[in-house]
S.K.: 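Following this message is one structure expressed as structure tokens.
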There are 2 protein chains.
Amino acid sequence: MPRIDTAQRVDRKAAILDAAERCFVRSGFHGASMSDICGEAGMSPGNLYRYFPSKEAMIEGLCERDFAEVGEGFSTLALAPDIWTAFEALARFHMIEEPRESCQLWVEIMSEVARNPQIGTLRKKIDQFIEGKIRFALEMARDRGQTAPDADLEPAVQFLITYADGLMLRRARDENFDPRPHVDLMFSILRSMLLPPSTPAIARLNTP
Amino acid sequence: MPRIDTAQRVDRKAAILDAAERCFVRSGFHGASMSDICGEAGMSPGNLYRYFPSKEAMIEGLCERDFAEVGEGFSTLALAPDIWTAFEALARFHMIEEPRESCQLWVEIMSEVARNPQIGTLRKKIDQFIEGKIRFALEMARDRGQTAPDADLEPAVQFLITYADGLMLRRARDENFDPRPHVDLMFSILRSMLLPPSTPAIARLNTP
DNA sequence: CTCATAAAAATGAATGTTCATTCTCTTTTT
DNA sequence: AAAAAGAGAATGAACATTCATTTTTATGAG
């Protein structure tokens, strides 16, 4: 008499979310049909509904997962020995290594945030979490002498958040957008904000 | 025997787009139904279809109008006597005076861009247009001695585009986001990129 | 001025399709 | 053999669009 295999169930849910993610990127949350998702997941609707009670629940599950993945990268940021290196690695990961589809999903989620209060609440939490982690990381950097001692951190925090969002939006909408020089520019500007004025100014941007 | 009044027809179409815009911001392009739009426009479906042949056409019409409005602001940028003032006015207009709903619509459009080739083509055009106008405005500023003579313009162009997109995305997703200090920060950074190093560095950001 | 008239504007019910979800049944697993 | 996994047809609501019909409006003949 078989009992439910929890681990296998979690894997299956993840695979369904993967399939749903592909559909949502292709057609949007409201443009993709459950039938599309069933096809992509190789699964009948009857069976899919054993894992998620509704389409809404799938969207929320996907947002939750996406937020958790993003949050994870920031959680250990301040612990790294060299914060600049850790920061750059994190930015490179999110903006360059991750496929463009991640950015498209991000923008899709952001446009859903105002419509779905459930997702809105999740968004608020992750935004505050990330902002706090960035602020803490910069404070650590300053305490360790890795920035100018009197560096004003708050503008740098806000700059990073805004600029990263801008890069996500640009990459999502333009298939030819190469994020690499733009990440370099982001850190050039960040350095000019945080390092003593003696250090060389904004580096050049290699525009294609 | 009445003939068609073209001007009145254009007004009517604009009013329909206004109503549609409200619905699309509220529910998204694919979440809003034609019935919603008819209700918002105070118009029966049969009549609405005399002005737009399909929902798709309405979405395209709305994008086209939005792009045209944005483009208009940039078209005369380089002609202004003081480019810094003109730039700041334009940024304040788009980021502060315009309601948050504009930002939400912008994000909605950006997430539609990859799905609808028609809109994708429009997006490419307006992006290139804006980028060209910003570049030209900065060149004019440099020629007039309003920037450092050896200022590297390209990073500044890219910074402005990315940062403005970031502000749009943040304002769209967060109802409590106050764009004003962030626009100030944007121009502080821009000045630090374009003015000689003698001029005072990044201004403080008033965070609430 | 007025009224007949035909074009244009507008209506709202009808249509056919698509969609999310459910239900019944079969297959697999232990 | 019983519980879980899975399939796929069925259901009812919602949707974009169309159609038959009525109302409004501008015009020019009387």
Side-chain angles (χ1 to χ4, degrees), chain A residues 1-63 108 112 115-119, chain B residues 1-63 108 112 115-119:
Chain A
M1 317 100 181
R3 279 283 94 106
I4 40 164
D5 185 338
T6 314
Q8 201 168 312
R9 201 158 204 289
V10 167
D11 287 353
R12 211 90 177 78
K13 287 185 82 169
I16 292 171
L17 286 187
D18 290 341
E21 184 171 323
R22 269 171 267 137
C23 293
F24 288 148
V25 167
R26 202 187 303 130
S27 318
F29 286 145
H30 301 285
S33 72
M34 287 303 254
S35 171
D36 292 337
I37 297 169
C38 289
E40 186 75 37
M43 190 179 265
S44 67
N47 198 24
L48 192 143
Y49 272 85
R50 295 193 340 105
Y51 293 92
F52 291 93
S54 68
K55 191 181 174 184
E56 195 79 346
M58 288 193 44
I59 295 174
E60 277 159 27
L62 189 57
C63 291
E108 183 71 30
E112 192 64 14
R115 299 197 261 281
N116 186 328
Q118 191 91 244
I119 300 178
Chain B
M1 314 101 181
R3 279 281 94 106
I4 39 166
D5 184 338
T6 313
Q8 202 169 313
R9 200 157 204 290
V10 167
D11 288 354
R12 212 91 176 74
K13 286 185 82 169
I16 292 172
L17 286 187
D18 290 340
E21 184 171 323
R22 269 170 267 136
C23 292
F24 289 148
V25 166
R26 202 186 305 130
S27 319
F29 286 144
H30 301 286
S33 72
M34 287 305 253
S35 170
D36 293 338
I37 297 169
C38 289
E40 186 74 38
M43 190 180 266
S44 66
N47 198 25
L48 192 142
Y49 271 86
R50 295 194 337 108
Y51 294 91
F52 292 94
S54 68
K55 190 181 174 185
E56 195 81 344
M58 290 194 42
I59 295 174
E60 276 159 28
L62 189 57
C63 291
E108 183 71 29
E112 193 63 14
R115 298 198 261 281
N116 186 329
Q118 192 91 244
I119 301 179

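Owing to the predicted nature of the structure, the values given are computational and were not obtained by experimental measurement. Hydrogens, waters and symmetry mates are skipped; everything else that's a heavy atom, side chains included, is used. Quick note on labels: first sequence line is chain A, next is B, and so on, each numbered from 1.
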S.K.: Tell me which nucleotide among D:dA16, C:dG12, C:dC19 gets nearest to the side chain of B:S44.
M.R.: C:dG12
S.K.: If I take atom CG in residue A:L48 and atom C1' in nucleotide C:dT22, what distance separates them, rounded to the nearest angstrom?
M.R.: 13 Å
S.K.: Take B:G42 and A:S33, find for each the nucleotide of DNA chain C with the closest heavy atom, and name the residue whose nucleotide sits nearer the 5' end.
M.R.: B:G42
S.K.: Could you state the CZ-P distance from A:F29 to C:dA20, rounded to the nearest angstrom?
M.R.: 14 Å
S.K.: So if I take every side-chain heavy atom of B:K55 and compare against D:dA16, D:dA5, C:dA8, which nucleotide ends up nearest?
M.R.: D:dA16
S.K.: Rounded to the nearest Å, what distance is computed from the CE atom of residue A:M34 to the P atom of nucleotide D:dC15?
M.R.: 17 Å
S.K.: Nearest-Å distance, CE (A:M58) to P (C:dT21)?
M.R.: 10 Å
S.K.: Can you name the closest pair of heavy atoms from A:L48 and A:M34 and give their distance?
M.R.: CD2-CE, 3.9 Å
S.K.: B:C63 and B:F29: which non-hydrogen atoms are nearest, and at how many Å?
M.R.: SG-CZ, 4.4 Å
S.K.: Choosing from C:dA20, D:dT17, D:dA5, which nucleotide comes nearest the side chain of A:Y49?
M.R.: C:dA20
S.K.: Taking the side chain of B:P45 as its heavy atoms from C-beta onward, which of C:dA13, C:dT21, C:dA10 lies nearest to it?
M.R.: C:dA13
S.K.: Going through the checks in order, is the side chain to side chain contact (heavy atoms under 4.5 Å, CB included) test met by B:N47 and B:R50?
M.R.: CA-CA 5 Å; B:N47 198 25; B:R50 295 194 337 108; 3.2 Å; yes
S.K.: Output the rounded distance in Å from NE2 (A:H30) to C1' (C:dA20).
M.R.: 13 Å
S.K.: Within a strict 4.5 Å, meaning less than it, do heavy atoms of the B:I59 and B:Q118 side chains meet?
M.R.: no
S.K.: How many Å lie between CD on A:Q8 and P on D:dA5, as a whole number?
M.R.: 8 Å
S.K.: Which is true for A:A57 with a 4.0 Å heavy-atom rule: it touches a base, it touches only sugar-phosphate, or it touches nothing?
M.R.: nothing
S.K.: Separation of A:F52 atom CZ from C:dT22 atom C1', in whole Å?
M.R.: 19 Å
S.K.: Nearest to the side chain of A:R50, which nucleotide is it out of D:dA4, D:dT17, D:dA7?
M.R.: D:dA4
S.K.: Closest heavy-atom contact between A:C38 and A:S44?
M.R.: SG-C, 4.0 Å
S.K.: Provide, to the nearest angstrom, the distance between the CZ atom belonging to A:R9 and the P atom belonging to D:dA5.
M.R.: 6 Å
S.K.: Are A:R12 and D:dA5 close enough that a side-chain N or O sits under 4.0 Å from OP1 or OP2?
M.R.: no
S.K.: Looking for any heavy atom pair under 4.0 Å, which part of the strands does A:Y51 touch: base, sugar-phosphate only, or nothing?
M.R.: sugar-phosphate
